[in-house]
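Report on the structure given below.
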Amino acid sequence: MDSKPRLPVLDNAASFESPVGSLDKEGRRVLPIPADVTGRFTTLRHSIYAALIGVILIVPFIQIKGHPALFLDIPHRRFYLFGETFNAQDFWLSFFLLTGIGFLLILTTTLLGRVWCGYACPQTVWLEGVYRRIERFIEGSRSQRMRRQKSGMTRQIAVRAALKHAAFAVVSVFLAHVFLSYFVSLPSLTSMVQQSPAKHPEAFAWMAGFGLVLYLNFGWFREQLCLIVCPYGRLQSALTDSHTLTIGYDVRRGEPRSGGRGSSRRDRASDKHSSSGDCIDCRRCVHVCPTGIDIRNGLQLECIGCAACIDACDAVMTKIGRPKGLVRYDAQAGFDSGEKVRWFRPRIGLYALLGLVGLTVAAFAFRSHQDFEANLMRLKGAPYTVEHGASGVSIVRNGYEMHLVNKGAEPAVFQIKPHANSAASTATKLTISRPELEIPPLTDARVPIFAEVSLGAEVEQIALEVRLKGSEDPPLMRTAPFVAPQFRPAD
């Protein structure tokens, strides 16, 4: 009896009886080992991966108007987004932006299936674009790994695994620092890493925690995140229909299968002239799948739409002299009856309209975003006081407070004055404690204001103008009710 411990080996797919590609018949998880593949879709995916990774790594270095292009300073509630500055009061803007993006993602899924998962999802981008390549470099190709694993645990396998996980840990820590730079800025992060972690315990804890999550996710959990955690894959059954463009296997053309892994080239060549289908059961489409499924079983939850099986099958069809497209992008209606894809359906129009509304409202809201806020509120205490003037005329006084917020990235000078066209301006005496003041960036100030009116004068509200000095934009007008006792003339 072999005393060596055996590693679980997955022929990178479950058989037709297995419910999930990365599970064996007993329900135990077996790590998929995808084979290398080349082709037009693989080239496109890798180009998109490289572009997205490059953007994520470069953005912290980009400075716009003296600040990082993307800086989310949560502790101070300051947010710099590509030259624009926002504070916590602007958080409502994200609702319409996220709503619009969400409906566009739903629209994309209804049209093109899980193209997001295969080409742009961060899980896929980092796993296939970084971690899988490190694994391939250290442990070799799929065939090499399979041969080594069949011999059981050896020193060579242990050394390669240790090197791989050490590389995973280094990359995870590096990416955790990149992630942290979006929240503390790159200059601050550079200063932090040169000091003891005890001086910045919160930042260090976030970096260590996120680095550990990345390592566990990409080093072990991997495709299980898509299958177990992510709800998007489960939504696809509700979002897709018979005319959604998905990756599938042409059963009408491929069945019955000919040849197979045990057949010779002569047998496969003779099958070309027989009544058998084009599929030679080489299982190449299964070997390259990152989630270990057999695309010939139909549309499945585990399919992330990466199109690796298309490139693999096309290469096999070319070698055996048969047309490409046995595994291809097509709608289910096309696979079933050859019907062409109907791109416009009622739900497409609805999703497009909702997404357009969300993005339009978001664009309008961001366009109307101003560099400051002004709110006129009443002072705490009695709503009014009555004083007897020197001339014997009673005066009613109301106290207010102008709350100004500078939402810009630079110091700003604000001017406060009575609204010129206000009907109450002639009957009201306004005392503004600071008619002009400078406020530092992303801070606020409060200006006390007092309004005096002769008892009996009819004044319903006061009106003030707030202007950013040097700006050509129209001033903001702020009003507040004036409260006075009911005046009754003597009989």
Side-chain angles (χ1 to χ4, degrees), residues 13 16 21 37 39-45 103-121 226 232-258 271-286 288-289 291 293-318 320-356:
F16 292 122
V37 62
R40 49 178 177 162
F41 294 111
T42 301
T43 301
L44 176 62
R45 283 191 297 112
F103 278 111
L104 288 182
L105 180 59
I106 292 175
L107 172 64
T108 302
T109 305
T110 307
L111 284 173
L112 306 175
R114 295 182 68 176
V115 66
W116 159 261
C117 295
Y119 291 82
C121 175
C226 303
Y232 180 57
R234 287 163 172 77
L235 287 175
Q236 71 169 332
S237 60
L239 298 178
T240 59
D241 54 35
S242 60
H243 285 274
T244 298
L245 195 66
T246 57
I247 298 174
Y249 165 69
D250 192 341
V251 177
R252 297 184 302 160
R253 173 184 158 186
E255 302 296 329
R257 301 172 192 177
S258 61
D271 285 337
K272 292 170 58 179
H273 306 287
S274 68
S275 59
S276 61
D278 284 352
C279 179
I280 61 174
D281 202 20
C282 64
R283 297 177 64 84
R284 177 65 177 166
C285 59
V286 180
V288 301
C289 180
T291 59
I293 66 169
D294 191 335
I295 193 63
R296 296 173 296 179
N297 292 341
L299 183 62
Q300 300 159 64
L301 167 68
E302 298 80 22
C303 178
I304 62 172
C306 66
C309 54
I310 298 180
D311 286 336
C313 187
D314 284 349
V316 173
M317 292 294 105
T318 300
I320 65 175
R322 296 180 182 178
K324 297 180 181 180
L326 179 60
V327 178
R328 64 180 184 271
Y329 276 110
D330 203 346
Q332 191 61 46
F335 289 116
D336 293 340
S337 60
E339 184 180 352
K340 292 185 178 180
V341 178
R342 287 193 290 109
W343 293 106
F344 183 80
R345 287 101 71 191
R347 61 160 57 187
I348 295 297
L350 176 62
Y351 296 155
L353 177 62
L354 294 175
L356 184 61

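All values below were derived from every heavy atom in this structure, side-chain atoms included, with hydrogens, water molecules and symmetry-related copies excluded. For clarity, every value in this text was computed on a predicted model and none was experimentally measured.
- Looking at residues two or more places apart in sequence or on another chain, you find a side-chain contact (heavy atoms from CB on, under 4.5 Å) between Cys303 and Ile293, Ile295.
- The side-chain contact (heavy atoms from CB on, under 4.5 Å) test applied to Phe103 returns Thr99, Ile106, Leu354, not counting sequence neighbours.
- Remark: Asp241 pairs with Thr244, Arg345 by the side-chain hydrogen bond (donor to acceptor under 3.5 Å, both in side chains) rule, at least two apart or across chains.
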- request: Mind running side-chain contact (heavy atoms from CB on, under 4.5 Å) on Trp343 and Leu111 for me, showing each step along the way?
  value: CA-CA 7 Å; Trp343 293 106; Leu111 284 173; 3.9 Å; yes

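- Between the OG1 atom in Thr246 and the CD atom in Gln332 there is a gap of 6.0 Å [rounded to 0.5 Å].
- For Phe41, the ring-ring contact (aromatic ring centres under 6.0 Å, His included) test picks out Tyr329, with sequence neighbours left out.
- A search for side-chain hydrogen bond (donor to acceptor under 3.5 Å, both in side chains) contacts involving Asp314 returns nothing, not counting sequence neighbours.
- Remark: Thr108 engages no residue in a side-chain hydrogen bond (donor to acceptor under 3.5 Å, both in side chains) (not counting sequence neighbours).
- Contacts of Arg45 classified as side-chain contact (heavy atoms from CB on, under 4.5 Å), with partners at least two apart in sequence or in another chain: Thr42, Tyr49, Tyr119, Cys306, Ala308.
- Atom CD1 of Ile304 is separated from atom OG1 of Thr291 by 6.0 Å, given to the nearest 0.5 angstrom.
- Checked against side-chain hydrogen bond (donor to acceptor under 3.5 Å, both in side chains), Arg284 has no partners two or more places apart in sequence or in another chain.
- For Asp278, the side-chain contact (heavy atoms from CB on, under 4.5 Å) test picks out Arg253, Met317, Arg322, Pro323, Leu326, with sequence neighbours left out.
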